[in-house]
Amino acid sequence: MPELPEVETVARGLSLRMEGKRLKTLDLHRPDLRRPMPTGLKALVEGRVILGIARRAKYVLMHLSDGGTLIVHLGMSGRMLLSDPGVPPTALEKHDHVVFTLEDGTVVRFNDARRFGLLDYAAPGQLADHRVFEGLGPEPLGNEFSGPVLAEALAGKSTPLKAALLDQRVVAGIGNIYACESLYYAGLSPRRIAATVTAARAEKLAQAIRDVLTKAIAAGGSSLRDYVQTSGELGYFQHQWAVYGKEGEPCPGCDCDKAIQRIVQSGRSTFYCAKRQR
DNA sequence: ATTGGTTCCTGCTGGC
DNA sequence: TGCCAGCAGGAACCAA
């Protein structure tokens, strides 16, 4: 499920094939995804050159030559499917909701079965003020994120720590999987009340978040190279998770015989080791 | 204001 | 073998 590392991988992969090229057509095959498509979008972006592709939180940003920006959110099941270089694009498949055609013939399909995804647009100069970035917390891999910053964001919060990490206002880009994994490596219980995380623990958690995300991006990046060479398609990858999805399995990081537990918090599965995580 | 619960959607899985 | 309930989840939304 696309969280920060997966979105980063997708953005990098798209950069390789889309940057510096002109967007010939943008075809919308339905009027909405999670929200209605922006009005007049086609006319706003067609003919622009894609200057660069970046990521903020879980959003892919396509910077256009007139200063406008296309904003893509993959939701839960969203994928960006690239045509093979020098090969005529294949026919559209089910759930190909948005199709980008570049001047050199490259076709990129935004396929999203569950339609939790999003396509939006920021006019020139309006990106920073766009609604999707309102209240968004710091980038966990950026300089503005640190133990003290995290501690401050958690202070006064009476929610479980796991729920706080999923709150994009606390820190941007973390989803269910990396919240579980980060808490595991920090040795902190997902059930702990967020406000009880003081300086030392926040420092450890911030570091765990950075480590987990960095490693996941590295894994995605290496998979990406292979994947692009063989099929030209971007997808998601096999991950080595410590606790996520490992209910009943032994805790990998300590000698305890306690199996990894699954509990439900805020309606979502949390996986953790009750002995290692306090 | 904060927080917890619900909803959107479809594909896959497990149980009978 | 086939059916169907249950589950997966990001973020907007609503209600307390």
Side-chain angles (χ1 to χ4, degrees), chain A residues 1-11 28-38 55-61 71-81 92-98 109-122 130-140 152-183 190-197 209 213 216 235-239 241 243-248 260-272:
Chain A
M1 319 316 134
E3 301 180 28
L4 186 152
E6 290 77 26
V7 179
E8 176 69 27
T9 301
V10 168
L28 310 174
H29 291 277
R30 53 174 301 123
D32 57 20
L33 289 169
R34 201 171 72 219
R35 284 203 298 263
M37 303 288 188
R55 177 196 58 76
R56 166 78 169 116
K58 298 171 193 169
Y59 296 91
V60 174
L61 309 178
I71 302 169
V72 180
H73 193 290
L74 299 173
M76 151 124 191
S77 56
R79 299 178 300 158
M80 299 294 265
L81 305 168
L92 295 190
E93 294 170 50
K94 199 175 177 184
H95 307 305
D96 284 343
H97 304 310
V98 180
R109 294 172 288 140
F110 179 13
N111 182 290
D112 184 11
R114 264 164 267 191
R115 301 212 302 273
F116 280 19
L118 190 67
L119 185 66
D120 216 327
Y121 175 78
H130 197 279
R131 58 187 284 191
V132 299
F133 303 129
E134 198 177 337
L136 208 55
E139 282 293 318
E152 176 63 27
L154 297 176
K157 276 194 169 285
S158 62
T159 56
L161 183 51
K162 159 81 180 314
L165 288 184
L166 291 178
D167 185 342
Q168 301 297 297
R169 296 170 298 181
V170 170
V171 55
I174 296 177
N176 202 43
I177 294 169
Y178 294 106
C180 292
E181 295 292 302
S182 299
L183 287 168
R191 311 171 69 157
R192 170 185 283 275
I193 298 302
T196 69
V197 177
I209 290 169
L213 296 179
Y236 303 114
F237 318 106
Q238 288 297 102
H239 290 274
W241 294 316
V243 290
Y244 184 81
K246 306 276 187 184
E247 183 180 16
I260 292 167
Q261 297 179 23
R262 185 181 84 94
I263 59 173
V264 175
Q265 295 179 292
S266 322
R268 279 177 195 90
S269 292
T270 297
F271 299 89
Y272 77 115

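All heavy atoms count here, side chains included; hydrogens, waters and symmetry mates do not. Quick caveat, the model's predicted, so the values are computed rather than measured. The sequence lines fix the lettering, A, B, ..., with proteins before strands; numbering per chain opens at 1.
The side chain of K157(A) places an N or O atom within less than 4.0 Å of a non-bridging phosphate oxygen (OP1 or OP2) of dT3(B). OP1 or OP2 of dG11(B) sits under 4.0 Å from a side-chain N or O of H95(A). Phosphate contact (OP1/OP2 of dC9(B), side-chain N/O of R34(A), threshold under 4.0 Å): absent. In terms of phosphate contacts, K58(A) brings a side-chain nitrogen or oxygen within less than 4.0 Å of OP1 or OP2 of dA11(C). Listed pair Q168(A) / dG10(C) fails the phosphate criterion, with no side-chain N or O lying under 4.0 Å from OP1 or OP2. Between S77(A) and dG11(B) there is no side-chain polar atom (N or O) within less than 4.0 angstrom of OP1 or OP2.
Taking for each of H73(A) and R262(A) the nucleotide of DNA chain C with the nearest heavy atom, the 5'-most of the two is the partner of R262(A). Both R114(A) and A163(A) lie near DNA chain B, and the one whose nearest nucleotide falls closer to the 5' end is A163(A). Taking the nucleotide of DNA chain B with the nearest heavy atom to each of S266(A) and S158(A), the more 5' of the two is matched to S158(A).
Atom CG in N111(A) sits about 11 Å away from atom C1' in dT10(B), given to the nearest Å. The CG-P distance, from L74(A) to dA11(C), rounds to 11 Å in whole Å. Atom-to-atom, NE2 of H97(A) to P of dC9(B) comes out at 11 Å; the value is rounded to the nearest Å. Atoms CD (E93(A)) and P (dT10(B)) sit 17 Å apart, rounded to a whole Å. Rounded to an integer number of Å, the gap from M76(A) CE to dC8(B) C1' is 13 Å. Taking atom CZ of residue R131(A) and atom P of nucleotide dA11(C), one finds them 13 Å apart after rounding to whole Å. Going from atom CD of E247(A) over to atom P of dG14(B) covers 13 Å, rounded to whole Å. L118(A) places its CG atom 11 Å from the P atom of dC13(C), with the value rounded to the nearest Å.
The residues K157(A) and D167(A) are annotated as salt-bridged, a charged nitrogen and a carboxylate oxygen being separated by less than 4.0 angstrom.
T270(A) has its side chain out of reach of L183(A): every pair of non-hydrogen atoms, C-beta onward, lies at least 4.5 Å apart.
Side-chain atoms of R268(A) and base atoms of dG5(B) include no donor and acceptor less than 3.5 Å apart.
The backbone N or O of F271(A) sits nowhere less than 3.5 Å from a side-chain atom of Q261(A) that would complete a donor-acceptor pair.
dG10(C) has its base stacked against the ring of F116(A), the centroids being under 5.5 angstrom apart at an interplanar angle below 30°.
Shown here is R191(A), whose CZ atom has no more than 12 heavy atoms of other residues, nucleotides or ligands within 6.0 Å.
Picking from dG10(C), dT10(B), dT3(B) the nucleotide with the shortest atom distance to the side chain of R169(A) gives dT3(B).
Under the 3.5 Å distance criterion, with hydrogens and angles disregarded, no donor-acceptor pair is assigned to the side chains of K94(A) and N111(A).
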